[in-house]
Amino acid sequence: QVQLQESGGGSVQSGGSLRLTCVVSGRSTRYHCMAWFRQAPGKEREGVAFIDTEGRRNYGDSVKARFTVSEDIAKNTMYLEMTDLKPEDTGMYYCAYSKDGRIVVAPAATLGDFGYWGQGTQVTVSS
């Protein structure tokens with residue numbers, strides 16, 4: 001059973017930076033895709049950044065050139081470096097791991113490809 005634990009959220013002013021961390025435990029398959037999603041109050045959960053075992057990455061349009069996703073497989077950890085944060089980046093950020101038995105490539109990944117979720121970490125950006 002895969003378990004995910006996020007950390008690193010907080011409150012920053014517009015233009016600031018944060019680094020989110022997701023620690024993975026219990027995974028049993030070598031190939032996987034991981035992702036960061038976020039959800040603001042009253043809005044649907046949206047994909048922010050995706051990365052797979054082959055190193056392919058994909059980003060939501062609103063965060064391209066500002067956010068960078070990376071993974072240290074040896075440490076079972078995924079990161080999200082967020083720079084030039086804007087108030088519209090505010091939300092709960094969730095770490096996600098692809099469903100068992102499914103080959104998910106980062107450029108084509110969608111919400112339904114992920115079966116494991118962390119509890120989330122809150123990011124608040126003030127203007």
Side-chain angles (χ1 to χ4, degrees):
Q1 181 78 5
V2 174
Q3 294 183 320
L4 308 170
Q5 181 63 59
E6 306 96 334
S7 62
S11 297
V12 297
Q13 291 189 327
S14 183
S17 301
L18 283 173
R19 186 195 201 200
L20 305 184
T21 299
C22 173
V23 178
V24 185
S25 61
R27 63 172 154 205
S28 60
T29 58
R30 179 191 176 280
Y31 185 86
H32 59 267
C33 182
M34 293 188 67
W36 290 98
F37 286 80
R38 68 186 180 191
Q39 189 166 20
K43 294 188 176 181
E44 294 185 352
R45 191 168 296 192
E46 65 169 335
V48 174
F50 303 82
I51 185 168
D52 62 36
T53 312
E54 301 302 318
R56 291 174 290 236
R57 295 170 171 81
N58 195 26
Y59 297 92
D61 289 340
S62 63
V63 306
K64 285 179 181 177
R66 299 189 297 123
F67 290 11
T68 302
V69 62
S70 62
E71 185 178 7
D72 187 334
I73 294 178
K75 294 183 178 180
N76 293 320
T77 303
M78 178 178 65
Y79 305 95
L80 184 67
E81 298 279 355
M82 306 186 292
T83 64
D84 190 23
L85 283 162
K86 306 176 186 301
E88 51 264 41
D89 293 318
T90 294
M92 186 69 77
Y93 282 68
Y94 298 94
C95 172
Y97 193 94
S98 51
K99 291 178 177 177
D100 293 340
R102 182 173 297 191
I103 301 299
V104 179
V105 294
T110 62
L111 181 65
D113 291 319
F114 298 90
Y116 299 96
W117 297 86
Q119 294 298 308
T121 185
Q122 178 68 35
V123 172
T124 303
V125 185
S126 57
S127 57

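Heads up: numbering here begins at 1 and tracks the sequence.
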Parallel, tilted or perpendicular: ring planes of Phe67 versus Tyr93, cut at 30 and 60 degrees: tilted
Plane angle bin for Phe50 and Phe114 - parallel if under 30°, tilted between 30 and 60°, otherwise perpendicular: tilted
Nearest-0.5 Å distance that lies between atom [atom1] in [X] and atom [atom2] in [Y]:
{"X": "Glu71", "Y": "Asn76", "atom1": "CD", "atom2": "CG", "value": "8.5 Å"}
{"X": "Ile51", "Y": "Met34", "atom1": "CD1", "atom2": "CE", "value": "9.0 Å"}
{"X": "Ser17", "Y": "Asp84", "atom1": "OG", "atom2": "CG", "value": "8.0 Å"}
{"X": "Ile103", "Y": "Thr53", "atom1": "CD1", "atom2": "OG1", "value": "8.5 Å"}

According to a hydrophobic-cluster definition based on side-chain heavy atoms being under 4.5 Å apart (Ile, Leu, Val, Met, Phe, Trp, Tyr only), do [X] and [Y] belong together?
{"X": "Phe37", "Y": "Val123", "value": "no"}
{"X": "Leu80", "Y": "Val12", "value": "yes"}
{"X": "Val104", "Y": "Trp36", "value": "no"}

Ignoring hydrogens, what is the shortest heavy-atom contact between [X] and [Y]? Give both atom names and the distance.
{"X": "Gln122", "Y": "Thr90", "answer": "NE2-CG2, 4.1 Å"}
{"X": "Tyr94", "Y": "Gly118", "answer": "CD2-O, 3.6 Å"}
{"X": "Arg57", "Y": "Val69", "answer": "NE-O, 2.8 Å"}
{"X": "Lys86", "Y": "Ser14", "answer": "CA-OG, 4.3 Å"}
{"X": "Pro87", "Y": "Ser127", "answer": "CG-CB, 3.9 Å"}
{"X": "Tyr116", "Y": "Leu4", "answer": "O-CD1, 3.4 Å"}

Side-chain contact test, heavy atoms from C-beta onward, threshold under 4.5 Å: evaluate it for [X] versus [Y] and give yes or no.
{"X": "Trp117", "Y": "Cys95", "answer": "no"}
{"X": "Asp72", "Y": "Tyr79", "answer": "yes"}
{"X": "Met78", "Y": "Val24", "answer": "no"}
{"X": "Ser98", "Y": "Tyr31", "answer": "no"}

Any donor-acceptor pair under 3.5 Å from Asp52 side chain to Ala106 backbone: yes
side-chain hydrogen bond (donor to acceptor under 3.5 Å, both in side chains) involving Ser62 - partner list, sequence neighbours excluded: Arg38
Residues, nucleotides or ligands: over 12 heavy atoms within 6.0 Å of Gln13 CD: no
Test log, rule side-chain contact (heavy atoms from CB on, under 4.5 Å), inputs Leu20 and Met82: CA-CA 8 Å; Leu20 305 184; Met82 306 186 292; 3.7 Å; yes
Chi angles and distances behind the side-chain contact (heavy atoms from CB on, under 4.5 Å) call for Asp89, Arg66: CA-CA 11 Å; Asp89 293 318; Arg66 299 189 297 123; 2.8 Å; yes
Partner of Ser7 by side-chain contact (heavy atoms from CB on, under 4.5 Å), out of Val23, Thr121, Thr21: Thr21
